[in-house]
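So the structure is just underneath, and the comments pick up after that.
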Protein chains: 2
Amino acid sequence: MTEAHQGGERGDDIHRIVEAILYLYTESRRVTKQAARHMGLTGPQVSALKVLEAVGDLSLSELSFRMSARNSTITGIVDRMERDGLVVRERSSSDRRVVMIRATEHGKEIARGVPLTSLELFAGALRALHVEDRSALRRILRDLAEHVRAEVEEHEREAPADGDAPP
Amino acid sequence: MTEAHQGGERGDDIHRIVEAILYLYTESRRVTKQAARHMGLTGPQVSALKVLEAVGDLSLSELSFRMSARNSTITGIVDRMERDGLVVRERSSSDRRVVMIRATEHGKEIARGVPLTSLELFAGALRALHVEDRSALRRILRDLAEHVRAEVEEHEREAPADGDAPP
DNA sequence: CTCCGATGTTTCGCACACTGAATATCAGGG
DNA sequence: CCCTGATATTCAGTGTGCGAAACATCGGAG
């Protein structure tokens with residue numbers, strides 16, 4: 001994946017940077033998944049627990065929005081997590097249609113335990129960098145993320161994400 | 001994902017850097033997936049086509065190694081891609097056990113078309129950075145990747161990934 | 001040459017994730 | 001009250017992913 005990118009002098013830096021980011025995230029995901037397996041969880045389950053841990057109880061719709069998935073998908077995931085005692089469903093008293101998803105103590109405990117291995121991987125490597133490199137990296141990535149965010153918004157405006165399905 | 005990380009002064013830089021990388025890759029994956037859907041492809045299929053496009057024909061084992069998946073998984077993916085005319089299987093003449101996977105012209109065309117939206121997203125943002133920031137980023141990320149690679153190797157040595165199953 | 005272990009691929013059974021199309025239930029306005 | 005829209009679930013279908021086992025082939029030992 002290093003050469004063979006027609007022409008390829010101009011975008012050399014860019015190409016290598018993208019490559020490095022892809023590698024770093026792929027590796028992180030692999031390790032997370034493996035760590036999750038050790039505790040009997042799957043990727044989306046860890047993700048759901050982390051969201052619940054961070055922002056508190058959520059309705060199923062809110063949870064699916066935060067996880068960028070459909071309600072029917074999240075229903076299945078919550079089913080399995082409820083089966084395994086990680087979360088509980090509670091019908092809202094104010095609006096009896098909505099179901100609040102709440103992480104159990106067991107679920108929270110696991111959520112706190114799992115992702116550390118993945119973050120520790122980065123943390124260890126980042127600690128090995130010089131201090132000035134760290135702050136430079138932080139600044140550059142922040143700028144980068146901002147540019148990407150802007151481009152994404154513009155991109156979305158042109159090509160909406162199949163949100164409507166008229167009958 | 002910004003607060004709620006017990007204590008959290010020491011690893012501030014680190015935390016934010018990890019956050020940025022996660023954001024960048026998540027965003028890239030989301031956009032890629034969406035673009036892939038538009039052309040009737042899935043994520044792994046795009047990934048496979050990109051690998052084949054980059055390094056040429058590969059055996060099924062080599063392809064599964066590069067995609068970090070098992071042979072049986074890749075068999076299924078290649079099945080569907082062959083069904084859709086994106087790749088062809090060719091038995092090697094030197095070793096009749098191995099099956100070479102080759103992207104068809106149609107497959108290559110689609111591979112060239114799809115990922116651009118995702119890479120362009122990064123490329124555009126990266127071009128907006130100063131030149132010295134780009135080379136600094138490149139150098140830092142390379143160092144970082146190397147550290148992570150080393151840690152992963154060490155980590156694997158302690159906790160092997162269920163690879164052996166003695167009879 | 002024949003047998004036997006190693007290697008490459010596929011098949012099979014299983015579980016999860018994900019989607020879109022119904023469906024049941026509830027909230028609120030006319 | 002009835003209609004509309006929102007919320008959650010169910011269902012059928014596809015894709016992904018794994019491990020165990022079957023299968024073909026290769027390579028070397030005897």
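Just so it is clear: chains get the letters A, B, ... in the order the sequence lines come, proteins before strands, and each one is counted from 1.
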Query raised in the report: Does A:Arg96 or A:Arg83 map to a spot on DNA chain C nearer the 5' end, using the closest nucleotide for each?
Result: A:Arg83
**Report entry** Presence of donor-acceptor pair under 3.5 Å, side chain of B:Arg97 and base of C:dT7
**Finding:** yes
Query raised in the report: Has the side chain of A:Ser72 got a donor or acceptor that lies under 3.5 Å from a partner of the other kind on the base of C:dG20?
Result: yes
What is the distance from [atom1] of [X] to [atom2] of [N], rounded to the nearest Å?
{"X": "B:Asp79", "N": "D:dG17", "atom1": "CG", "atom2": "P", "value": "14 Å"}
{"X": "B:Leu41", "N": "D:dT14", "atom1": "CG", "atom2": "P", "value": "17 Å"}
{"X": "A:Arg91", "N": "C:dC26", "atom1": "CZ", "atom2": "P", "value": "8 Å"}
{"X": "B:Leu60", "N": "D:dA24", "atom1": "CG", "atom2": "P", "value": "18 Å"}
{"X": "A:Glu82", "N": "D:dT9", "atom1": "CD", "atom2": "P", "value": "9 Å"}
{"X": "A:Asn71", "N": "D:dT9", "atom1": "CG", "atom2": "C1'", "value": "10 Å"}
{"X": "A:Asp95", "N": "C:dG28", "atom1": "CG", "atom2": "P", "value": "7 Å"}
{"X": "B:Arg70", "N": "C:dC12", "atom1": "CZ", "atom2": "P", "value": "21 Å"}

Query raised in the report: When rounded to the nearest 0.5 angstrom, what distance separates CG in B:Leu49 from CD in B:Glu109?
Result: 12.0 Å
Query - B:Arg80 vs B:Arg83, side-chain contact (heavy atoms from CB on, under 4.5 Å): CA-CA, chis, key distance, verdict - result: CA-CA 5 Å; B:Arg80 290 180 282 272; B:Arg83 180 196 64 193; 4.1 Å; yes
Query raised in the report: Just checking B:Thr73: base, sugar-phosphate only, or nothing, at a heavy-atom cut-off of under 4.0 Å?
Result: base
Query raised in the report: What's the verdict on side-chain hydrogen bond (donor to acceptor under 3.5 Å, both in side chains) for B:Ser94 and B:Ser92, showing C-alpha distance, side-chain angles and the deciding distance?
Result: CA-CA 6 Å; B:Ser94 57; B:Ser92 162; 3.1 Å; yes
Report summary line: Considering only heavy side-chain atoms of A:Ser61, the closest of C:dC18, D:dT7, C:dT9 is D:dT7
Requested in this report: Could you tell me whether a side-chain N or O of A:Thr104 sits under 3.5 Å from a main-chain N or O of A:Leu86, the two making a donor and an acceptor?
Outcome: yes
Query - Contact under 4.0 Å: B:Arg80 side-chain N or O vs D:dT16 OP1/OP2 - result: yes
**Report entry** Co-membership, hydrophobic cluster, residues B:Ile74 and B:Leu41, 4.5 Å side-chain
**Finding:** yes
